[in-house]
Amino acid sequence: WEAIYIMIYKQNKILKVGGDQHLGPNKIDINVQTIDTKPLTVLKKATFNEVVTDIIELNPHLPQERLLRDVEVDPENASRVKGDVNWSRMDLRALPKSIGDLTVGGNLKLDFNNLNSLPASFGSLKVGRNLNLEGNNLATLPESFGNITVGGNLWLSYNNLERLPESFGNITVGNRVYITNNPVST
């Protein structure tokens, strides 16, 4: 048997007309469904400056100029930083979900802040060299952490990590993972 589908476009709607020919040569069972075709929301990555704005909303005590210091954003891709991002010792207390949209060509330094958790989107982050999360207050990592890509070393030492997500074995790290001085149970 064959299925027949005809798409009819009418005022931002698609009428999907379908039928089966197995009912006989002159009989077609027709079903009509309306499918909404309003404009789709295009998922776009946050730019580096949008991420900085989101960080300031979560951490109003931070001066924007300190977050932007010595950062070179790729002119062809505003979600990509060409070199390092040094946000060490800034008393960051939270990171926005937009952080996962970034690609950092060099090092991303988030060490010795006051981060208690990371957003689920953190696993989408791409870091060309090293990612440093040492000396925070992280007790857990999001399950998405296993999707992270780090070209060099990943530092997680001196946190409060009690467990690692099941996905942890899937992380892509070019060199070493440092996880010492955490109460992780095996």
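Because the structure is a prediction, the values reported are computed rather than measured. Numbering starts at 1 and runs along the sequence shown.
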Do Asp54 and Ser98 pass the side chain to side chain donor-acceptor pair (under 3.5 Å) test, and can you show the C-alpha distance, the side-chain angles, and the key distance before you say yes or no? CA-CA 7 Å; Asp54 293 346; Ser98 58; 2.7 Å; yes

Would you mind reporting whether Ile179 and Leu161 have side-chain heavy atoms less than 4.5 Å apart? yes

Is there a chain of hydrophobic side chains (I, L, V, M, F, W, Y, each step under 4.5 Å between heavy atoms) that links Val81 to Ile56? yes

What distance separates Leu133 CG from Leu110 CG, expressed to the nearest 0.5 Å? 5.5 Å

Just how far is it from atom CG of Asn113 to atom CH2 of Trp87, taken to the nearest 0.5 Å? 10.5 Å

One pair to check against side-chain contact (heavy atoms from CB on, under 4.5 Å): Phe145 and Leu118. What are the steps and the verdict? CA-CA 9 Å; Phe145 201 83; Leu118 299 174; 4.0 Å; yes

side-chain contact (heavy atoms from CB on, under 4.5 Å) between Phe122 and Leu141: does it pass, once the steps are laid out? CA-CA 9 Å; Phe122 201 84; Leu141 299 172; over 6 Å; no

Check the pair Leu62 / Leu92 against side-chain contact (heavy atoms from CB on, under 4.5 Å), numbers first and verdict last. CA-CA 8 Å; Leu62 293 177; Leu92 287 171; 3.1 Å; yes

Calculate, to the nearest 0.5 Å, the distance between atoms CZ and CE belonging to Arg66 and Met90 respectively. 4.0 Å

Once you round to the nearest 0.5 Å, how far does CZ of Arg129 lie from CG of Asn175? 11.0 Å

Backbone of Asn136 reached by a side-chain donor or acceptor of Asn159 within 3.5 Å: yes

Step by step, work out the side chain to side chain donor-acceptor pair (under 3.5 Å) result for Thr172 and Thr149. CA-CA 5 Å; Thr172 302; Thr149 301; 4.6 Å; no

Do Leu67 and Val51 sit in one hydrophobic cluster, given that two such residues count as connected whenever their side-chain heavy atoms are within less than 4.5 Å of each other, even indirectly? yes

Has Arg176 got more than 12 heavy atoms of other residues, nucleotides or ligands less than 6.0 Å from its CZ? no

If we count only N and O atoms by modelled type, under 3.5 Å, do the side chains of Asp111 and Ser88 hold a donor and an acceptor together? yes

When you group the ILVMFWY residues by side-chain heavy-atom contacts below 4.5 Å and let the links chain together, are Leu164 and Tyr178 in the same group? no

Flag for Ser157-Thr180: side-chain donor and acceptor within less than 3.5 Å: yes

Would a distance-only check, ignoring hydrogens and angles, find a side-chain to backbone donor-acceptor pair under 3.5 Å from Asn107 to Lys109? no

For the student: nearest non-hydrogen atoms of Ser121 and Ile99, plus distance: OG-CG2, 4.3 Å

Which atom pair, heavy atoms only, marks the closest approach of Gln64 to Val52? CG-CG1, 3.9 Å

For Ser167, does its backbone N or O pair with a side-chain atom of Glu143 as donor and acceptor, under 3.5 Å? yes

Point-to-point distance, once rounded to the nearest 0.5 Å, from CG of Asp91 to CG of Asn114: 4.5 Å

Between Leu108 and Val73, is there a shared hydrophobic cluster once you connect ILVMFWY residues whose side-chain heavy atoms come closer than 4.5 Å? yes

Which heavy atom in Leu58 sits nearest to a heavy atom in Leu95, and how many Å separate them? CD1-C, 3.6 Å

Check the pair Asn116 / Leu138 against side-chain contact (heavy atoms from CB on, under 4.5 Å), numbers first and verdict last. CA-CA 5 Å; Asn116 293 315; Leu138 300 171; 5.8 Å; no

Using 0.5 Å steps for rounding, measure from the CG atom of Leu68 to the CG atom of Asn49. 6.0 Å

To check you understand the geometry: which heavy-atom pair defines the closest contact between Arg80 and Gly105, and what is its length? NH2-CA, 4.0 Å

Could you tell me whether a side-chain N or O of Asn182 sits under 3.5 Å from a main-chain N or O of Val184, the two making a donor and an acceptor? no

Closest heavy-atom pair, Arg93 versus Asn59, reported as atoms and distance to 0.1 Å, is N-OD1, 2.7 Å

Please determine whether residues Phe112 and Trp155 belong to a single hydrophobic cluster, defined as Ile, Leu, Val, Met, Phe, Trp and Tyr linked transitively by side-chain heavy-atom distances below 4.5 Å. no

Taking all non-hydrogen atoms of both residues into account, name the closest pair between Asp101 and Ala46 and its distance. OD2-N, 2.8 Å

Looking only at atom types and distance, does a side-chain atom of Asn137 sit under 3.5 Å from a main-chain N or O of Leu115, one as donor and one as acceptor? no

